[in-house]
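In what follows, a structure is listed as structure tokens, so that the remarks can point back to it.
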Amino acid sequence: MWKRKGDWLECMIPRFWSGLTIEQLLKEVWAASKKLAHRWRMEQGVKLNGQTVSWRTELKERDRLQLYAYEPEPSLLIPEYRELSVLWEDDHLLVLNKEAGLDVHPSEPGQTGTLANAVAFYLQSQGILTKVRHIHRLDRDTSGAILFAKHPLAGATLDRLLARRAIKRTYVALVHGHLSPTSGTISAPIGRDRHHPTRRRVSKTGAVAVTHYRVLETFPSTSLVELSLDTGRTHQIRVHLAHIGHPLVGDVLYGGQPSFHRHALHAVKLTFRHPFTNEEVVCLSHFAP
């Protein structure tokens, strides 16, 4: 269905997109930004069967739609080689198993040693010079599955899926104590802690935050818990579990005991429907302490 041809992507239109105009497919189905759509219009970045046509042209099954998807973009990231654990990949998306102790992206210009630096190197080795686009974040000491987009259209489409909660993220955590009830939902708004530069706290004036949990196994003084998120606030799982009196083991920032060399949180599963092939993608990541 999809083929990469240099900086272009070619799609053979399937039956379920037949009847849509090019503009409807780009803007309504794939959520192309106004900026990207305008640039493609001006630079003839979209073709149908090798020809430049009106964006109001209706698509037919087996038409060949070409997109100038990999236009080189300026980036401040310094590409840096690092061995990556790839969970899933195609011409649009990249899912990695992030190790603990690694920042997702630089916090200041010129910084190296982050996952984004390694992804920049990895993409450039494939001849892709687009910006590195992480769709969601993981804390430095959280390990597990993380999703990247390989081109601007994929980034815009995945951002919309994330906003619609159509990208499901499942975590496992080792927490202090035994939760009662053994499954439930924590709905408590989260805001900044005015007394600490990096910490967050439950606050009436904070942003809406919803976490679902289920106890998988109990031990003498700890519990293994599965968690899923309806929202993606900074430190959400860590704040919510500390709020109900069960901080993560090793999470000293939120009251956990330093009996583990990092906070015990792992993004174990990522599930979503692929925006360009309509296939369900399920990525499972292994835990590496």
Side-chain angles (χ1 to χ4, degrees), residues 85 87 95-104 115 134-147 162 165-191 193 196 198-203 206-272 280-289:
S85 175
L87 297 176
V95 184
L96 299 177
N97 187 30
K98 174 190 167 300
E99 61 190 270
L102 184 65
D103 288 320
V104 170
L115 185 59
H134 55 272
I135 304 305
H136 59 103
R137 293 181 175 86
L138 294 176
D139 293 343
R140 175 184 175 85
D141 285 333
T142 300
S143 55
I146 183 168
L147 175 62
L162 188 68
R165 302 174 185 173
I167 299 177
K168 304 298 183 183
R169 294 164 288 165
T170 305
Y171 298 78
V172 290
L174 187 66
V175 306
H176 290 288
H178 298 155
L179 285 75
S180 180
T182 56
S183 64
T185 298
I186 307 167
S187 181
I190 293 175
D193 188 329
H196 195 286
T198 60
R199 193 165 55 200
R200 301 296 192 272
R201 66 184 181 89
V202 168
S203 167
V208 173
V210 179
T211 303
H212 306 284
Y213 72 88
R214 178 171 67 95
V215 175
L216 300 176
E217 192 171 355
T218 58
F219 307 101
S221 61
T222 58
S223 300
L224 186 66
V225 183
E226 179 185 90
L227 305 116
S228 61
L229 307 178
D230 281 354
T231 52
R233 308 304 175 197
T234 300
H235 296 181
Q236 178 173 321
I237 289 174
R238 299 164 65 189
V239 173
H240 272 173
L241 288 172
H243 176 66
I244 63 171
H246 299 283
L248 301 182
V249 172
D251 192 0
V252 294
L253 184 62
Y254 291 103
Q257 295 300 311
S259 49
F260 200 59
H261 68 279
R262 64 171 175 104
H263 60 245
L265 181 63
H266 178 71
V268 69
K269 185 166 72 170
L270 191 65
T271 306
F272 58 92
E280 185 180 42
V281 179
V282 180
C283 296
L284 299 176
S285 63
H286 60 273
F287 176 73

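Keep in mind that the numbers below use all heavy atoms, side chains included, and drop hydrogens, waters and symmetry copies.
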Please round to the nearest 0.5 Å and tell me the distance separating atom CZ of Arg200 and atom CD1 of Ile190.
9.5 Å
To the nearest 0.5 Å, tell me how far Phe272 CZ sits from Glu280 CD.
10.0 Å
Given Thr211 and Leu241, is the side chain to side chain contact (heavy atoms under 4.5 Å, CB included) satisfied, shown in steps?
CA-CA 9 Å; Thr211 303; Leu241 288 172; over 6 Å; no
Nearest heavy-atom neighbours spanning Thr198 and His196:
OG1-CE1, 3.0 Å
Step by step, would you call Arg199 with Asp193 a salt bridge (charged side-chain N to carboxylate O under 4.0 Å, His left out)?
CA-CA 6 Å; Arg199 193 165 55 200; Asp193 188 329; 3.0 Å; yes
Quick check: do Arg238 and Asp139 have side-chain heavy atoms less than 4.5 Å from each other?
yes
What are the two closest non-hydrogen atoms of Ala209 and His240, and how far apart are they?
O-CE1, 3.3 Å
With respect to Val175, which candidate in Val225, Thr222, Leu265, Val249 satisfies the side-chain contact (heavy atoms from CB on, under 4.5 Å) definition?
Val225
Val210 and Gln236: which non-hydrogen atoms are nearest, and at how many Å?
O-NE2, 2.9 Å
Spatial distance of atom CD1 (Ile237) from atom CD1 (Ile186) [nearest 0.5 Å]:
9.0 Å
Measuring from atom NE2 of His263 to atom OG1 of Thr142, what distance do you get when rounded to the nearest 0.5 angstrom?
3.0 Å
Shortest non-hydrogen pair, Pro181 vs Tyr213, comes out as O-OH, 2.9 Å
Given Ser85, which partner from the list Glu99, Lys98, His286 fulfils the side-chain contact (heavy atoms from CB on, under 4.5 Å) test?
His286
Mind checking the OG-NE2 spacing from Ser223 to His176? Nearest 0.5 Å is all I need.
11.0 Å
Determine whether Ser285 and His266 make a side-chain contact, defined as any pair of heavy atoms from C-beta on separated by less than 4.5 Å.
yes
